[in-house]
Amino acid sequence: MAHPAPPLVVARADLAALLFIRHFETALLELFAQGRVAGTTHTCLGQEYIPVALAPLLAGDHVFSNHRGHGHYLARYDDPAGLLAEIMGRAGGVCGGVGGSQHLWRPDYLSTGVQGQSVPVAAGVALHLQQSGRGQLAAAFVGDGTFGEGAVYEGLNLAALWRLPLVLFVENNGIAQSTPTDRQLAGTIAGRAAAFGIAYAGVDTDDVGEIRSAVGPLLAAVRDGGGPLIVEFRTRRLGPHSKGDDSRTPAELAALRSADWYARTRALDPVTFDEIDERQRARMAAVLADVANREPAGQWAGTQWAAA
Amino acid sequence: MNRVADDLNAALHKLFEADPSAYLLGEDVADPYGGAFKITKGLTTRFPGRVRATPISEAGFTGVACGLALTGNTVIVEIMFADFLFLALDQIVNFAAKSVSMYGRRLPMRLIVRCPTGGRRGYGATHSQSPQKHLIGVPDLAIYELSPLHPAAAVFAEMTAAAIPCLFVEDKSLYGERLPAGDRLDDLFSFDRLGTHARAYADRSLPVDHLVLAPGGMLGRTLAAARRLLLDREENTQIVVPSRLYPLDLDPLLPLLTAAGRVSVVEESTAGGTWGEHVAARINAAVRLRHPVTLVSSADSIIPAAPQLEAQVVAGADTIYAALATGPLA
């Protein structure tokens, strides 16, 4: 490591949220390794600070998440058991086990597993919110890989033309599944925003407080009718794309880990950090013990016609 | 005389008057143009903000429509030509239809995707397709077809009440046709109703030699064939016109199906994986027919542009007559 990463100050409540998501995702990978979870999962290890920083800024808004969405959900809703039960197919899941990891729904929250699809849909929700005139916005989390999809540009064009309260939070983690960003994205995301005349901000820090101070006023402008906004977070994906399918070199992964918020936050005050860390680890263990003992999710009611 | 296009336009005006949450999105739908086929005439003038002309972005504006539907609005999308529907299929199939049930609860999605279909206008391969067959069997996606025997306002009301995404295909050759006044179709044929199906007949008291299921776009061609069968061969035909092609409500047709000499399904889709094949399988599972279902469709081909070439591919009255006049009758 050429330069030691600087320490990072995080408020207690935010640190608890960060650590809980870290332990949730780590536990999921362990559950997969043990064969206790079916299907697939995409963890947000390393990116936890983005949804934690944004959650209080988006309280009354509509949020669209994606395949890598556990952190988005956990930062917004105090419902880890509902999420874990959904992923494990146990009773009490957010969507009764029908949706699974990538398809979550709450009245103003939704995730889907098709890249780019959510951008025009979020623009439609933004149109609804614009017409309602209550200053709400629609925000969609997307990745750098998502910018390969044409639907993104059709949605952005419409949002810019109609000055919709739409925000894209781009979690640019430098890799789309196994493809490095510089091999799948020509030009820059900033350049693409400029092409549509859409406001853009790049965020390089992982300091939760700094992010809130920077992004909060930008969201206020969107609420005031300023039109859409793209915020690009240059972030780090510490884990595999899904489960053990990481093609990066050990040196690359080590560099990412040394820059991660976890060690840098602990460096400042290990005693307090370890105390909060242990509490969140125990909380996750309790959630897991609860959910793992639940019955499997009940009968699938089917679609209207299949049931008829 | 009220034409089909006027009836559609009036039904849209009525829907927007009654439903303050109604939106319509599509290319070139704004006044004074009023849409490529003038079906949306007058709407942007009366309902600006809720009726919006969009860029050439089928996936984009259909996605916007999905977002509006997701937040409780009634949304109509106009796809200028049905061939362009494929650009929006991710939003229709993967988002709109799946969202109805994939979140473990039923989310209402009041989304109607209107699209002009069919050939016989010389527009060539990318402006003449009948896409119905490609969308059969998508959970929570219904397919309706415009018919001169089904007033559009009632069909729109049925689709919005269903609260699932509905594809509404409009055979563009119908737009200029007149709606029947009363129950007479011409000097020989009248129509009545069997559930939500319309039925065209010459004389209901005669035994049915041919029972033909025909979507709205095929009604005129099937009537022409039925007239010839009656006049040339003294064979009696009844034509059932479903408004909803998928899922098809077979129950009201069961007595007719078992009594008919021969059952046929006609459509303009090109051969292979057709609506008719699906309907025939449904019929075979439900009743025992005297003869296998006869299927009439366009040829297995793209739609050529030159009129004489197009006529060799697209199912017409002659195609239907030829298929029905050969083969067994009870």
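Just so you know, these numbers use all the heavy atoms, side chains as well, and skip hydrogens, waters and symmetry mates. Chain A is the first sequence line, chain B the second, and so forth, proteins listed ahead of strands; every chain is numbered from 1.
Proximity to chain A involves both the backbone and the side chain of B/Phe61, based on heavy atoms less than 4.5 angstrom apart. Neither the backbone nor the side chain of B/Leu87 comes within less than 4.5 Å of any heavy atom of chain A. For A/Gln130, the part sitting under 4.5 Å from any heavy atom of chain B is the side chain, from C-beta outward, and nothing else. Interface residue A/Phe64: only side-chain heavy atoms are found under 4.5 Å from chain B.
Other residues, nucleotides and ligands contribute at most 12 non-hydrogen atoms within 6.0 Å of the CD1 atom of B/Ile56. A 6.0 Å sphere centred on NZ of B/Lys133 holds more than 12 heavy atoms belonging to other residues, nucleotides or ligands. Applying the 6.0 Å contact sphere to CZ of A/Arg163 captures no more than 12 heavy atoms from other residues, nucleotides or ligands.
Comparing A/Leu161, A/Leu110, A/Val94 by how many heavy-atom pairs each has under 4.5 Å with chain B, the most go to A/Leu110. Note on B/Gly49, B/Ser21, B/Gly72, B/Gly63: by heavy-atom pairs under 4.5 Å with chain A, the leading option is B/Gly63.
Put simply, the side chain of B/Gln91 gets close to the backbone of A/Gln117: a donor and an acceptor are under 3.5 Å apart.
Distance check, rounded to the nearest 0.5 Å: NZ of B/Lys98 to OG1 of A/Thr112 gives 10.0 Å. In this structure, CG on A/Leu158 lies 8.5 Å from CG on B/Leu25, to the nearest 0.5 angstrom.
Counting all heavy atoms, side chain and backbone alike, B/Gly60 lies closest to A/Pro120 at O-CB, 3.4 Å. In plain terms, the two heavy atoms of A/Asn157 and B/Pro55 that are nearest each other are ND2-CG, 3.5 Å. Taking every heavy atom of both residues into account, A/Glu154 and B/Ala59 meet most closely at OE1-N, 3.3 Å. Residue B/Tyr103 comes nearest to A/Ser111 through the heavy atom pair OH-O, 2.8 Å, listed as atom of the first residue, atom of the second, then distance.
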Which pairs of donor and acceptor atoms, one on a side chain in residues 64-71 of chain B, lie under 3.5 Å apart (sequence neighbours left out)?
{"unit_1": "B/Thr71", "atom_1": "OG1", "unit_2": "B/Gly67", "atom_2": "O", "d": "2.8"}
{"unit_1": "B/Thr71", "atom_1": "OG1", "unit_2": "B/Leu68", "atom_2": "O", "d": "3.1"}
{"unit_1": "B/Thr71", "atom_1": "OG1", "unit_2": "B/Asn73", "atom_2": "ND2", "d": "3.4"}

